[in-house]
Amino acid sequence: QVQVTESGGGLVQPGGSLRLSCAASGNIYTWYTMGWYRQAPGKQRELVANITRFGTTRYADSVKGRFTISRDAAKNTVFLQMDGLKPEDTAVYLCNADLSLRALGGRSEYWGRGTQVTVSA
């Protein structure tokens, strides 16, 4: 039906950078908003950043100035450039896609499995 696939996570030292990718695939008519959430052990899932297909962005205060979200709307793909990573950024990063399907036309949210980001010296 719909597959949301994240990639780009890994182990990085404090101050380092990672670039996450998220691609939504399937019989997609269009997407409206895609974004990144993260969940660390013992903490609630939180919005990191999201973007509409028109380019409007939203960031958590904790990542403003360090993370940049972008999109390739035609490819149903979003990216999260993470610079100046801190240990507190360590979490599983999950991609969320708000989209509609060609067959049904309904607007629903879909989640990826997540990609691990670990920031440690």
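No hydrogens, no waters, no symmetry mates; every other heavy atom, side chains included, goes into these values.
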So [Y] and [X], do their side chains get closer than 4.5 Å, heavy atoms only?
X      : Y     : value
Thr56  : Arg58 : no
Arg71  : Thr77 : no
Tyr110 : Asn96 : no
Phe79  : Leu20 : no
Leu18  : Leu85 : yes
Ser120 : Leu11 : yes

Test side-chain contact (heavy atoms from CB on, under 4.5 Å) on Ser17 and Gln81; report intermediate values, then the result. CA-CA 7 Å; Ser17 297; Gln81 179 67 42; 4.0 Å; yes
Start with the C-alpha gap between Arg38 and Tyr93, add the side-chain angles, then the distance that decides, and say whether side chain to side chain donor-acceptor pair (under 3.5 Å) holds. CA-CA 4 Å; Arg38 67 186 181 188; Tyr93 284 69; 2.9 Å; yes
Hey, what do you get for [atom1] ([X]) to [atom2] ([Y]), rounding to the nearest 0.5 Å?
X     : Y     : atom1 : atom2 : value
Arg66 : Thr68 : CZ    : OG1   : 11.0 Å
Tyr37 : Arg45 : OH    : CZ    : 9.0 Å
Asp72 : Ser21 : CG    : OG    : 10.5 Å

Please walk me through it: do Tyr59 and Val48 pass side-chain contact (heavy atoms from CB on, under 4.5 Å)? CA-CA 6 Å; Tyr59 296 93; Val48 178; over 6 Å; no
Check whether the side chains of [X] and [Y] place a donor and an acceptor atom closer than 3.5 Å, and report yes or no.
X     : Y      : value
Thr90 : Glu88  : no
Tyr32 : Ser100 : yes
Asn50 : Thr33  : no

Below 4.0 angstrom, N of the basic side chain to O of the carboxylate: do Lys86 and Asp89 qualify? no
Minimum heavy-atom separation for [X] to [Y], with atom names?
X      : Y     : result
Asn76  : Trp31 : OD1-CD1, 2.9 Å
Leu99  : Ala24 : CD2-CB, 4.0 Å
Ala121 : Pro14 : N-CD, 3.6 Å
Val78  : Trp36 : CG2-NE1, 3.9 Å

Does the [X] side chain pair with the main chain of [Y], one donor and one acceptor, at a distance under 3.5 Å?
X      : Y      : result
Tyr29  : Gly106 : no
Arg102 : Asn27  : no
Arg53  : Met34  : no
Glu6   : Gly114 : yes
Trp111 : Val4   : no

Please say whether more than 12 non-hydrogen atoms of neighbouring residues, nucleotides or ligands are located less than 6.0 Å from CZ in Arg107.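 More than 12 heavy atoms, drawn from other residues, nucleotides or ligands, come within 6.0 Å of this atom.
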More than 12 heavy atoms of other residues, nucleotides or ligands under 6.0 Å from CZ of Arg19: yes or no?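 Yes, the 6.0 Å shell around CZ holds more than 12 heavy atoms from other groups.
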Report yes or no: do Val92 and Val119 belong to one cluster of Ile/Leu/Val/Met/Phe/Trp/Tyr joined by side chain heavy-atom distances under 4.5 Å? no
With hydrophobic residues grouped by side-chain heavy-atom distances under 4.5 Å, do Val117 and Ile69 end up in a single group?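 Shared cluster, yes.
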Could you go through the side-chain contact (heavy atoms from CB on, under 4.5 Å) check for Val2 and Leu101 one step at a time? CA-CA 8 Å; Val2 175; Leu101 302 177; 3.2 Å; yes
